[in-house]
Number of protein chains: 2
Amino acid sequence: MGKERVTVIDIAHAAGVSKSTVSLVLQASPLVNEATRAKVNAVIRELGYVYNRGAANLRQSNAKSKIIGIVVNDLTNSFFAELAVGVDMVVQSAGYVQFLSNSGESVDRQREVIASMREHGISGLILSPARGTDAADLKPLVASGIPVVNVVRQVAGAKVSSLVSDNFAGMRDAVRHLAGLGHHRIAFLGGFPDTAVFNERMQGYRDALADMDLAVHDELVVSSAPSRAGGVAAIERALMLRERPTAAVCFNDAVAFGVCDGLRAHRLDPGEDFAVIGFDDVIEAQTAVPALTTVSVDPQGMGRRAAQLLLKQINAGKADAEAIVGSVRLVVRQSCGSATDKRERLSLL
Amino acid sequence: MGKERVTVIDIAHAAGVSKSTVSLVLQASPLVNEATRAKVNAVIRELGYVYNRGAANLRQSNAKSKIIGIVVNDLTNSFFAELAVGVDMVVQSAGYVQFLSNSGESVDRQREVIASMREHGISGLILSPARGTDAADLKPLVASGIPVVNVVRQVAGAKVSSLVSDNFAGMRDAVRHLAGLGHHRIAFLGGFPDTAVFNERMQGYRDALADMDLAVHDELVVSSAPSRAGGVAAIERALMLRERPTAAVCFNDAVAFGVCDGLRAHRLDPGEDFAVIGFDDVIEAQTAVPALTTVSVDPQGMGRRAAQLLLKQINAGKADAEAIVGSVRLVVRQSCGSATDKRERLSLL
DNA sequence: TTAGATAATTGGAACGTTCCAATTTTGTCA
DNA sequence: TGACAAAATTGGAACGTTCCAATTATCTAA
């Protein structure tokens, strides 16, 4: 099959023009005559030419490579998959192409993939940092003038833009809602305590309890892996307490689903016998039974915003870091058995 | 900040050697003296040099670019996310880097991303084709000698390797299992009938029913989107039948979870009042309550195998298409209320 | 010593593109 | 028709690397 690569020179030859003209056509320059353009394009199609972006990049090293990198810390978590999809949407429509990698929560792997991306000449990076990422890891990137946008998690001391959700307010609203429904013993389930996100949400939890004149009971805080399995384990522990909680806010939706599973294993009906609130609003939160009350973060929207922010910085040339805190909204569904909810359900009948 | 790019020549200059020597060092050639290598490496680190893979590729156009592309049809489906993670594992350890894109089930988008990948000089492609992909879409790729491995779905007439799971046997085993437990009315829920995967599974369903001397009732086949929401809708319809089914095999795990949700909404207990079997064995299948009985496909393993197959073809140079059908295994858990299962549960107490 | 082998190093051409300055073609108007 | 402007085209240099053939430095053994 086609062993030899077809180059711009072959095209020029076949079309009876110079390589410069072909180049102009490729860039859709207005300088070239309409008839010539048509002929060149015809030859291009005929010979099956494929543009060599590597060579082009080489020449215009100052310009941008039209690749943006994105690395997430856990692709198997649908939150991040959706985030990536959101990024892809805007990146694509801006004529860029996405280079997606998964660090799997390993800083070493993260370092590797970022290095590899640099070698390929990305013009910007969207990073959901692995746990334990140090500002020094990002230093060389920003030093070489490549815009970076951190999402979901901050990296302390890194001079890059960031887009995180309002963890504090989200959790505060969730707890207030439960307290408003009359719950006194509200557990905080799931998540690793050594992360900034955990601490922000925890702060919101404590703050809301204080607000509502409820005591903070340390045994009601049960940390675990931020996964479905972690949620099962956490509720398991919480139900072994002498004084059981009657409601829980969860570190994220995955934990919340696990909690629902665990409740059922104990013959408790989530939403009826026990109120559960999640965090993230992943896509299944709406269709699960009971539909999950959760703090909506809109991962796709977050991805879109991050991409827009990055593109803005790429186009501006200068990259002055801005820290954006995305607002967040409690979506009340069935899993917390609210009055509002029952009314809604009735009205649907 | 570092405006000027550091090149191999700068390194050569600073280290007092020629650019050729620096190049040799970069390639870890045994030809270069140990002392020189050390010095050059020191300078490289000191000046913050980053390798320009584009330029390298340009020179050694015959050789491989160390990029492999992977495009999936729905990244938000965790099956594909895990597949991608599996691919990443082996691709990474072979020194390649992964270029992941999402076609979102659109052939146009798929065409775009594949074109873009070609321009970037991928040395191989793993493709989970969007619905409606035509053999002609892959033609130019294979014509230019780039190995392609199709996963999950075949593309009729395309002369590329493929790796699909044994849909027929998997579904057949699932139905046999249910029939063996005494179920007579077994529904087939979810999936779009215009796909090859659907038809293979359907064939397994019919075959097993015939095997077990059970009648095929067309109303027990309810298609829907292959998603959680689709599963809810499908069981909803199935429960409206005069003669209800007592068990269901589902197109995939997402549908199965939706079916469980739908059953609960009708106050039916999945695993007790109604048997449910999924397909795929996504990660949540184990931790869900009830744990899902399902046909295990091991998406990560499939990704790994696909990547190995692709690398083999890349290294071999020649790409003779081979079609691999991955074997598949019924994993019995709680959701089908089997006798085995109850025994297991007891033994755990 | 020195011839011969081996180990290290090196300059220049090449990869496929874009940019620049220069040239040729076409168009306009007196 | 000539003079000038505008439009279209063009050759060559450059981007950062690798490869090749050629050169120089170092070692070995008689």
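Quick note on labels: first sequence line is chain A, next is B, and so on, each numbered from 1. Side chains included, hydrogens not; waters and symmetry mates left out as well; all remaining heavy atoms used.
The pair A/Lys66-B/Glu119 does not count as a salt bridge, with every side-chain nitrogen at least 4.0 angstrom from each carboxylate oxygen. Using a cut-off of 4.0 Å between Lys/Arg side-chain N and Asp/Glu carboxylate O, A/Glu46 and A/Lys39 are scored as not salt-bridged. Ion pairing of B/Asp10 with B/Arg5 is absent here, as no side-chain N (NZ or NE/NH1/NH2) approaches a carboxylate O to less than 4.0 Å.
Shown here is B/Ile283, whose CD1 atom has no more than 12 heavy atoms of other residues, nucleotides or ligands within 6.0 Å.
Residue B/Ala15 comes nearest to B/Val43 through the heavy atom pair CB-CG2, 3.8 Å, listed as atom of the first residue, atom of the second, then distance.
Under 4.0 angstrom from either OP1 or OP2 of D/dC19 there lies at least one side-chain N or O belonging to B/Gln60. Residue B/Gln27 places none of its side-chain N or O atoms closer than 4.0 Å to OP1 or OP2 of D/dT17. One finds a side-chain N or O of B/Thr36 lying less than 4.0 angstrom from the OP1 or OP2 phosphate oxygen of C/dT9.
Taking five base pairs at each end of the helix from C/dT1-D/dA30 to C/dA30-D/dT1, the local helix axes there meet at an angle of 40°, rounded to 10°.
Ring geometry for A/His120 against A/Phe99 counts as tilted: the plane angle lies between 30° and 60°, on a 0 to 90° scale.
Residues A/Gln98 and B/Ser101 have side chains that never bring a donor and an acceptor to within less than 3.5 angstrom of each other. No side-chain donor-acceptor contact under 3.5 Å links A/Ser103 and A/Asn73. A donor and an acceptor atom, one from each side chain of B/Arg153 and B/Thr133, are nowhere located under 3.5 Å apart. A/Glu82 and B/Thr76 share no donor-acceptor pair across their side chains, judged by distance under 3.5 Å alone.
Between the CZ atom of B/Arg5 and the P atom of D/dA14 there is a distance of 18 Å, given to the nearest Å. One can place CG of A/Asn33 at 6 Å from P of D/dA8, the figure rounded to the nearest angstrom. Distance CG (B/Asn57) to C1' (C/dT17): 14 Å, rounded to an integer number of Å. Note: CZ (B/Arg53) to P (D/dG16) measures 17 Å, nearest angstrom. The CG-C1' distance, from A/Leu31 to C/dC20, rounds to 13 Å in whole Å. Atom pair B/Glu119:CD and C/dG16:P shows a separation of 15 Å (rounding to whole Å applied). Atom CG of B/Asp10 is separated from atom P of D/dC15 by 11 Å (rounded to the nearest Å). Between B/Leu24 atom CG and D/dA21 atom C1' the separation is 14 Å, expressed in whole Å.
Comparing C/dG16, C/dT18, C/dT9 by their closest approach to the side chain of A/Ser23 singles out C/dT18. Relative to the side chain of A/Ala56, the nucleotides C/dT18, C/dT9, C/dC15 differ in distance, and C/dT18 lies closest. Here the side chain of A/Asn52 is nearest to one of D/dT9, D/dT17, C/dT17, namely C/dT17.
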Can you pull every protein N or O that's under 3.5 Å from an N or O on nucleotides 24-28 of chain D?
none

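Within residues 13-21 of chain B, the residues approached by DNA chain D to less than 4.0 Å at the level of any non-hydrogen atom are B/Lys19, B/Ser20, in residue-number order.
The base of C/dT18 is paired with the side chain of A/Arg59 by a donor and an acceptor separated by under 3.5 Å.
To the nearest 0.5 Å, atoms OG (A/Ser23) and CD1 (A/Ile9) are separated by 11.0 Å.
A side-chain contact (heavy atoms from CB on, under 4.5 Å) with A/Ile114 is found for exactly one of A/Asp137, A/Leu125, A/Ile146, A/Val148, namely A/Leu125.
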